[in-house]
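Let me begin by presenting the structure, written as structure tokens, before commenting on it.
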Amino acid sequence: MLENLIATLKADPRSIVFTEGADPRILGAAARLKNDGILTPILIGNVQEVKDAAAAGTFDIDGIEIIDPLTYSEMDAMVQMMVELRKGKMSEEDCRKALSKGNYFGTMLVKMGKADALLGGATYSTADTVRPALQIIKTKPGSKIVSSCFVLHRETAQGEEKYVMGDCAINITPSEDDLVEIAIETARTAEIFGIDPRVAMLSYSTLGSGKGDSVDMVRNATAKVKEAAPQLAVDGELQFDAAFSPVVAATKCKGSPVAGHANTFIFPDINAGNIGYKIAQRLGGFEAFGPILQGLNAPINDLSRGCNEEEVYKMAIITAALK
């Protein structure tokens, strides 16, 4: 699945900053990315500590830039830029203290154009990765929220299967308008992965079979998506079986442009989304890539603290390709 993304990155060289440069998982992935000629990694951390960790793990990081926030020559300029960005919400002292940490420092490298993308979270929490992005990178024009999706992938005897699910990690109880933005952004992410999005707005009801405020919200959000993105194939509200199974769709919603063939699934809240993608991952044998953050002005993504080197390697490719 990553072959097209790798081809894109080799044709358009990009750099990615890792906020936890001394972590063995990061070092292993960074060494592979450099040696494979896919990305230019930048490691954040104490230079000697990073080199010692690389030596201990026999990782070849020769030629990879290592930046220590505590000795960074342009720190004063970085502090002043952050003070201006925070517009009185953080003092110069607050900004300098924040920038001594890899998550804020790395985010400012992206903001200053010294790196194209950022991947963090091997040791930081999701909040500690997303917060600096919201404060410094901010949402792109037209976006009011940051959302997330997971790309699910598996190989079968019949070929490759790819689906996208959102929002499974960021917005706990999205509003009607939030669902509209989540749907449109998730469809755009699907396209990056070579998926022609057919979007199902999921519910416990299919086109009026059930009642309730949450059903109304999904139905109304679907109408707004159709108005905002008329070129997008979208339908809802749909139960998952109607969205996924052509047989069920023929019974429940015959004539729907999406039902029975959906590949991009929008959940009504984080409970449904998080549970849903993990069921697919564990019971369906899918590899889950994400959470992929959407709506930011630059590509920034979060790792699970339980990630391994392979996941770091693949998420770095995905993140940089979002640029």
Side-chain angles (χ1 to χ4, degrees), residues 5 8 117 130 133-134 137-153 162-203 205-207 214-240 242-244 253 256-274 276-277 288-302 318-319 321-323:
L5 302 185
T8 297
V130 175
L134 288 173
I137 301 297
K138 303 180 180 179
T139 54
K140 64 186 180 183
S143 293
K144 295 180 181 178
I145 62 168
V146 173
S147 62
S148 75
C149 71
F150 281 81
V151 175
L152 291 118
H153 172 266
K162 293 185 288 188
Y163 303 101
V164 188
M165 296 183 173
D167 179 350
C168 308
I170 299 295
N171 294 282
I172 297 173
T173 52
S175 67
E176 190 174 291
D177 289 336
D178 290 342
L179 286 178
V180 175
E181 191 168 324
I182 290 165
I184 293 172
E185 286 297 321
T186 302
R188 288 173 179 159
T189 300
E191 291 174 342
I192 291 171
F193 287 87
I195 299 169
D196 182 16
R198 296 186 296 275
V199 182
M201 307 291 285
L202 297 178
S203 173
S205 168
T206 295
L207 302 181
S214 65
V215 174
D216 293 340
M217 181 177 72
V218 174
R219 183 184 303 123
N220 294 339
T222 304
K224 290 182 178 181
V225 173
K226 290 178 178 179
E227 183 178 351
Q231 79 289 351
L232 188 61
V234 59
D235 205 1
E237 81 285 7
L238 296 174
Q239 292 165 287
F240 185 83
F244 186 78
C253 41
S256 168
V258 166
H261 305 283
N263 54 27
T264 304
F265 303 96
I266 307 303
F267 293 90
D269 59 39
I270 199 172
N271 268 318
N274 195 269
Y277 99 81
F289 297 99
I292 297 168
L293 299 184
Q294 306 171 146
L296 288 166
N297 256 322
I300 290 178
N301 271 326
D302 176 49
I318 289 167
T319 302
L322 296 174
K323 182 175 181 292

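Computed from a prediction, not measured in an experiment: that's the story for all the values here.
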Handout entry: Selection residues 259-272 - residue pairs positive for side chain to side chain donor-acceptor pair (under 3.5 Å), sequence neighbours left out
Key = none

Contacts of [X] that satisfy side-chain hydrogen bond (donor to acceptor under 3.5 Å, both in side chains) - sequence neighbours left out:
X	answer
S203	none
N297	none
E181	none
T139	none

Quick check against the 3.5 Å criterion: does [X] have a side-chain atom that pairs as donor or acceptor with the backbone of [Y]?
X	Y	answer
S143	I145	no
K162	F193	yes
D167	A169	yes

Problem - Flag for S205-Q239: side-chain donor and acceptor within less than 3.5 Å - result: no

Heavy-atom check, side chain of [X] versus side chain of [Y], under 4.5 Å:
X	Y	result
L293	V130	yes
M165	C149	no
V146	L134	yes

For [X] versus [Y], what's the shortest heavy-atom pair and its separation?
X	Y	value
V225	V234	CG1-CG1, 3.9 Å
L322	I292	CD1-CG2, 3.6 Å
M217	P268	CE-O, 4.0 Å
V199	A183	CG1-CB, 4.5 Å
C253	A242	SG-CB, 4.0 Å
G236	T222	N-CG2, 3.5 Å

Fill in the blank from the handout: In this structure, NZ of K144 is separated from OG of S175 (nearest 0.5 Å) by 9.0 Å

Completion exercise
Rounded to the nearest 0.5 angstrom, the CG-CD1 distance for L238 and I266 is 12.0 Å

Handout entry: NZ/NE/NH1/NH2 to OD/OE distance under 4.0 Å, E185 and R188
Key = yes

Practice task
Please work out whether the ring planes of Y277 and F150 are parallel, tilted or perpendicular, with thresholds of 30° and 60°.
Solution key: parallel

Exercise for the section: Any pair with a residue in residues 219-232 that passes salt bridge (Lys or Arg N to Asp or Glu O under 4.0 Å), sequence neighbours left out, goes on the list, sorted by first then second residue, please. Expected result: E176-K224, D177-K224, D216-R219, R219-E237, K226-D235

